[in-house]
Structures are given as structure tokens and as C-alpha cells.
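Let me begin by presenting the structure, written as C-alpha cells, before commenting on it.
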Protein chains: 2
Amino acid sequence: MARAGLTPERLTLAGVELADEVGLDQVTVSALARRFDVKVASLYSHLKSSQDLKTRIALFALEELADRVAAALAGRAGKDALAAFGNAYRDYAREHPGRYAAAQLRLDTETAAASAGVRHAQMTRAILRGYDLPEPDQTHAVRMLGSVFHGYVSLEMAGGFSHTAVDSQQSWEWTLDSLDALLRSQAGS
Amino acid sequence: MARAGLTPERLTLAGVELADEVGLDQVTVSALARRFDVKVASLYSHLKSSQDLKTRIALFALEELADRVAAALAGRAGKDALAAFGNAYRDYAREHPGRYAAAQLRLDTETAAASAGVRHAQMTRAILRGYDLPEPDQTHAVRMLGSVFHGYVSLEMAGGFSHTAVDSQQSWEWTLDSLDALLRSQAGS
DNA sequence: CCAATTTGCCTAAGTGACTTAGGCAAATGC
DNA sequence: GCATTTGCCTAAGTCACTTAGGCAAATTGG
């Protein structure tokens, strides 16, 4: 009986792909075993549990998304940076719905603290550098931006914007313009 | 063997309560059977499936939330209406996390069309009456408001705002103020 | 290069949730 | 009071998760 060459990394990667293909909740230890043509129990040498698998997928997605956002932000400021951030977020969700869903999984406190989630928070704050907001307004703005981006992407993915004639892309651009105007009007206040 | 008096309505209500107590994903046909001290299979006379149960809970939550929002909006306009809407939404999520989660479940197209989700959309649009926005800006604004409220509440419930000293209530009020200012500045444009 | 050890995948077995089929008894209605 | 309907039951099959223990392949080190 030849070995399949399983590792936590390969399993995570396969799980990530599976999530985009069939949805995060269809990513199961059993489905993964089928994909590798291996018995389910064999995966437990590499994964602590089904929860462990999900967590690894979430961490992978957070990291990948943070990398993309960082690349998109490089060398940009002000509205450019705002749009780059939002677009990176939205594009990732559209290209990789399963990964995006995984990135929203609730992690326990210590795992979250060690995750790329921290980079996300830092980058959101970095966008605001161009707008010169004093504290605590800066924190308020970070929260509002996070809310808008996360909310918009979630609702759009859930199909919430597909029952009106108005193009979602237009609404997205209007939203980015509005946020920029809002932040500029708050600058230095 | 005395009868337990099960009905779809009683089961849905129990499921709703269970969702708030232990989380929506712990709401299972089996858990419900235990709560009524009845065998699992007995529930299948009243529910088509586990999915059916979840859908009923979602519809209940959507309806209840729409009622609350409608009550909060009555007689208000402009910023008052905006804040009432947002607060109704946020308060519901805080008081009833399980129901709020259920209200986010994705329903199939026809079920969604027959649900109170339609009322939600109408009420969001009603808020904007006071701001006198032309189309398509009104649609853009509806989408943005929905995104902010849904996003803020989701992130707050997920604990995303609890790692900074700044009070979440302050950020919420700042966000409402900002949205009001934004909409006013767009009026009639 | 062979022996000892470690590693990787296996079989076996138990848990818990979902679902269908078919039966008996309680409630209902004539 | 009897027939019918209704409500909950037992039985049985599916599928996912998880642990324990075993055998064989890979690795290591003499």
C-alpha cells in the first residue's frame, strides 16, 4: 500500500480549494479523505480534528488576503488606498468565496491574536493616514470602514443586490466615493 | 403514552429560543426532541427536515425584526429615523444573537421573496425619504446603509471591536452621525 | 546493507445527527 | 360506539467525527 504523502499543509490547501469549489460547509474530513483516496481515520495523524482543519483554512485565507491587500496598498494613499483596500477585499471574496467565508470564521482569542487578522487591522488604520484623523475618530473610522467593506461584500455575495436593476458595481463605486468624501470632511476635526 | 402537543409553530418557537441560548448551529432536530422529551423521528411529522426547521426559524426572526424596525421607525424622519433603524437592528442582534444569525441564513429565491425580507428593503428605502436622494443614488444609499448596519453588527458580535480601549457605543454613534452627514450632503445632488 | 525505529495509513468500533418506513394508540368525528 | 385520522413510537439505514490499535513502508544509524 503506497503512501499518499499527506501533510497538514497539503490537507489545508486541498481544503481551501474544496471550500471555493463546493462551499466551506461541505469541507469535511470525509470529503478530504475521498479527494486523497484515503481512509478518513488516516487524516487524524495530520489534523487534530475537523475544527482544526477549519481553523487552518481560516488562517490560510486570512494570510493570503492580507498579502493581497498589502500588495494593493503599496505606494498608494488617500482615496487610491481606500479603493485599493476595498477592491482587494471584494475581489478576493468574489474569486474565492469559500476562502472568504473561512476568513470570517470565529477563532479563539489566542489563535486570532497570532493570525494575520492583526495585519488587517494595521492596514485598515494605515489607509486613514492620508486623512489625518485625530483619535478617537480614527478608531471609529476603522470600525466603520471595516463594517462597510465586510457588510457590502457579505450582502453582495448573499445575492442581496441582485434583485434591483441598478448595477452593483455602480453602488460599490458610489460607496467608495462617499467614504472618501466622508473621511475628507472629517479630516483634522 | 401521552401526547406532547407538537406543532410546527411550537417547534419553531422552541428552536428560536434554543438558538439564542446555545447558538444557531446547536439548534438541531435532535436537541429539539430532547427539549420536548420526545423521540427524534416524531418531529418529522411536523417538520420536513432539519433545513425546514432552520428556514422556519429564519422566517420568524425576519418577521420579528421587521416588526421591531417598523415600530421604531413610526413617526420618525431624517436622522431620527436613521438612528432608530440602526438601533433596532443592533439591539435585536445583541438581545437575540441566535435569531439575528438565523435572519442572515440564505433562503432560496421564492422563500426569500415571500419573507419579511421584502419589508426590510422597503423600510430601508423609507428612511431615505427624508434625504431626498434621486435615483440611482437612492439605491446606492440603500445598499450602503444595509452594508454598514449589517457589517457593524456582525463585527461587533464577533468580538471584533473589543480589543481596543475605545467604546463601541461611541463608534456606533459616530457612524450614525457620519451616515447622516453623508446623506444630507448628497441630498438633491 | 541490514536492523531498529519511526512514521503513515489501515481496520475496527463507538458516537451522534439526519431521515424514511411502518405500527399502535390516542384523539376526533360521525 | 365505531371508524378515521393524527401523533408519537420502534426499527433501520445513511453519513460525519473520532479514538485505539496494528501492520508495513520509510528512515536512521550502526
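Residue numbering restarts at 1 for every chain, and letters A, B, ... go by the order of the sequence lines.
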Q) Can you check whether B:Ala72's main-chain N or O pairs, donor with acceptor, with B:Arg76's side chain at less than 3.5 Å? A) yes
With the side chain defined as heavy atoms from C-beta on, B:Ser50 is closest, among D:dT18, C:dC9, C:dC18, to C:dC18
Between CG of B:Asp25 and P of C:dA17 the distance, given in whole Å, is 13 Å
B:His46 atom NE2 is separated from C:dT19 atom C1', nearest whole Å, by 15 Å
Worksheet entry | CA sep, side-chain torsions, deciding dist, call: A:Asp167, A:Trp172, side chain to side chain donor-acceptor pair (under 3.5 Å) | CA-CA 9 Å; A:Asp167 186 29; A:Trp172 175 251; over 6 Å; no
Winner on side-chain proximity to A:Ala41, out of C:dC18, C:dC9, C:dA12, is C:dA12
note: A:Leu43, atom CG; D:dC17, atom P; distance rounded to Å ~ 10 Å
Query - Touch class at under 4.0 angstrom, heavy-atom based, for B:Leu6 against every strand present - result: sugar-phosphate
_Can you tell whether the side chains of B:Arg125 and B:Glu135 come within less than 4.0 Å, N to carboxylate O?_
yes
B:Glu9 atom CD is separated from D:dG7 atom P, nearest whole Å, by 12 Å
When rounded to whole Å, the NZ to P distance for the pair B:Lys48 and C:dT20 reads 10 Å
Side-chain contact check for A:Lys39: nearest option of D:dA16, C:dC10, C:dC9 is C:dC10
In whole angstroms, the gap separating P of D:dG7 from CG of B:Asp37 amounts to 18 Å
_Trace of the side chain to side chain donor-acceptor pair (under 3.5 Å) decision for A:Tyr44 with A:Ser49_ = CA-CA 7 Å; A:Tyr44 282 80; A:Ser49 65; over 6 Å; no
- Query: Which part of the nucleic acid does B:Ser45 contact within heavy-atom distance under 4.0 Å: base, sugar-phosphate only, or nothing?
  - Reply: base
Of D:dC8, D:dC17, C:dC18, the nucleotide closest to the side chain of A:Thr28 is D:dC17
In whole angstroms, the gap separating C1' of D:dT14 from OH of B:Tyr44 amounts to 12 Å
